[in-house]
Number of protein chains: 2
Amino acid sequence: MAEKTLKERIIDTALRLFEQYGYHGVTVDRIVTESDASKGGFYHNFKSKDELLYHIHDVFITYVLNKAQDAYKNYHTPTERLCAIVQSFVKVFHLYKPHITVFYQESTYLRPEYSQKINEKRDEFKRVIFQVIREGIEAGEFRPELSVEITGMSIIGMVNWTYKWYKPNGPMTIEQIATHFIDFILHSVLTEEAKQKVENISFFLASKQMI
Amino acid sequence: MAEKTLKERIIDTALRLFEQYGYHGVTVDRIVTESDASKGGFYHNFKSKDELLYHIHDVFITYVLNKAQDAYKNYHTPTERLCAIVQSFVKVFHLYKPHITVFYQESTYLRPEYSQKINEKRDEFKRVIFQVIREGIEAGEFRPELSVEITGMSIIGMVNWTYKWYKPNGPMTIEQIATHFIDFILHSVLTEEAKQKVENISFFLASKQMI
DNA sequence: GCACAAAGACCGACTAGTTGGTTTGTTTAC
DNA sequence: GTAAACAAACCAACTAGTCGGTCTTTGTGC
C-alpha cells in the first residue's frame, strides 16, 4: 500500500481537529504542526483554509448522494428503496463521522461560492428521498395521509442526528442502529396492507441482503 | 410596556447575527453597532463574548427542560406524556428558533466551565424522554422490542432537525408540524392494542386538548 | 424637600495579541 | 529539470477585551 500523501495527512489531521475543536478553534499552524507538514506544503495543496473546509464538505455529500442514487437504481419498490437509502445513509456514519460533524457544524462558515455547490448536491439528495416517499404513497405502500416533506425531513433528521451521539466503538454496531431506524420508519410509513406483506421487518431486510 | 433594556437589545441582535453568520462570523463590534450599544455597555452586561454565548444556550435549554418536566407532571400515561413532551418541544421552535440554531451550531465553542452546566441540563432532558419510553414499554403501551436509547435519540433527532428547515412564516404552522411528528412517532412506538385505544391520532390529540 | 455622595450604567478610543496568508530561498525525489 | 515540500521570517488585518471617564439614578442625612 502506498504511503499517505501529504494532502491526505493534512485532511486527516484537519478532520480530527475540526471535529473536536471546530473550524475556528483550529489554526492553520496547528494543522500543519500536527500533520508534520509545513505551511508551504499546506498552501501548495490548498488555496486557503476555506478550500480545505469545502473539500471536506464535498467528499461527504458526494459520497452520500451517490449512495442514495445507487440505492434508488438497484431496488425497484418504494419500500425497498427507502430501506436501502436509509441503510447506506446510516452506514456512512461509520466511515465519515468526522466529515459529517464538520458538515453540519461548520457549513455556515463556507464561503458563498462553495456553499452554493454543496447545497445543490444536498438538495439533490433530499429530492431523491422525497421522490421515494411520493412514489411509495402513489403505489399504495405508504400511508396516504403522510406529508412528503415532513416525513422526508423526519427521516433525514433522525438519521443525521446520529452524528451527535454515535460512538464508533460504542455498544451498538452501525448495522444494529440502521436496523432500528428502518424498523422505526417502516412502522410509521407503511400502510396496514404493506405491513402484512413485509411481515417481519428484520426478516425482510435479511431476505433483501441488506443486513 | 417598559422599553427594552440594553442587555435585551444586545441579546436580540446577537441572536439574529449568530443565527445567520455563526458565532465566529460576528464580532463584538458588530453586535455593539447593530444594537446601538457601545463596547463599554456590552462588557458591562457580559463578562465576555463567551458568556453571552452561554447565556443564549442556557435560556433555551432551561426552558425546554422545564417544559418537558411540566409535561411529565401534568399527564399520567406514557403515551400522553410522550405526546405532550414532543408537542411542547416542537412548539419551542417557534419562539426560540435562533436560540436553538445557536445551541446546536456553536456549542463546540462553549468554554468547558460553561458547557458542563449546559450538558447537565441537556442530559436531564434526555433522561426524561428515556424514562417515558421505558415506562411506556413496561406499561405495555409501547412495543417491547424498541431500544430505549435509539428510539429516544430518533425522536430527539427528528424534532431537533426542525431547526434546519423550519420557516416561521412557511406554509406549515408549528402545530401542524407537531401533529405530523406525533403521528409519525405514535405509529412507530405504540403496540397494536394501544393503537386500537388511541384509534384516531388527531382525535386523540384534540381530546387531550393538545391541539 | 434638598443637597450631595455613592453606585451603577454606559461610552468609545485604544491596545495587545492572534491568525490567515505571503515571500524567499532551500531541499528532496522522480 | 521540474514539481512537490520544507523552513522561517514576515505582514496586514482583525478582534476580544481594557480603561479612564461621563452621565444617570438612587440612597441618605438633615
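Protein chains get the first letters and strands the later ones, always in sequence-line order, with residue 1 at the start of each.
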[X] [atom1] to [N] [atom2], straight-line distance once rounded to whole Å:
X        : N      : atom1 : atom2 : answer
A/Arg111 : C/dG20 : CZ    : C1'   : 10 Å
B/Asp29  : C/dC14 : CG    : C1'   : 12 Å
B/Glu8   : C/dC10 : CD    : C1'   : 16 Å
B/Phe46  : C/dA9  : CZ    : P     : 13 Å
A/Asn45  : C/dT22 : CG    : P     : 15 Å
A/Ile31  : C/dT19 : CD1   : C1'   : 12 Å
A/Phe42  : C/dG20 : CZ    : C1'   : 9 Å
A/Lys47  : C/dT22 : NZ    : P     : 11 Å

- Look at the side chain of A/Tyr43 and decide which nucleotide, out of C/dT19, C/dC10, C/dT22, has an atom nearest to it. C/dT22
- Taking 4.0 angstrom as the limit, do A/Asp183 and B/Arg143 come out as a salt bridge? yes
- Side-chain donor-acceptor pair present, B/Thr79, B/Glu141, cut-off under 3.5 Å: yes
- Message: Please tell me whether B/Tyr72 and B/Glu135 have a donor and an acceptor in their side chains that are separated by less than 3.5 angstrom.
- Response: yes
- Would one find more than 12 heavy atoms of other residues, nucleotides or ligands at under 6.0 Å from atom CD of B/Glu145? yes
- Message: Would A/Lys47 pass as a cation-pi partner of A/Tyr54, given that its NZ or CZ must be under 6.0 Å from the six-membered ring centre and within 45 degrees of the axis?
- Response: no
Which heavy atom of [X] sits nearest a heavy atom of [Y], and at what distance?
X        : Y       : value
A/Tyr109 : B/His24 : OH-N, 3.0 Å
A/Ala71  : A/Arg81 : O-CG, 4.1 Å
B/Tyr163 : B/Lys97 : O-CE, 3.5 Å

- Select base, sugar-phosphate, or nothing to describe what B/Lys39 touches, counting heavy atoms under 4.0 Å on all strands. base
- Query: Base, sugar-phosphate, or nothing: which does A/Val26 touch, judged by heavy atoms less than 4.0 Å apart?
  - Reply: sugar-phosphate
- Message: Tell me the bend of the helix from C/dG1-D/dC30 to C/dC30-D/dG1 as the angle between end helix axes, each from five pairs, rounded to the nearest 10 degrees.
- Response: 30°
- Is there side-chain contact between B/Met172 and B/Lys167, with heavy atoms separated by less than 4.5 Å? no
- Item | Opening and closing nucleotides of DNA chain D in contact with chain B, under 4.0 Å to non-hydrogen atoms | D/dT15 to D/dT18
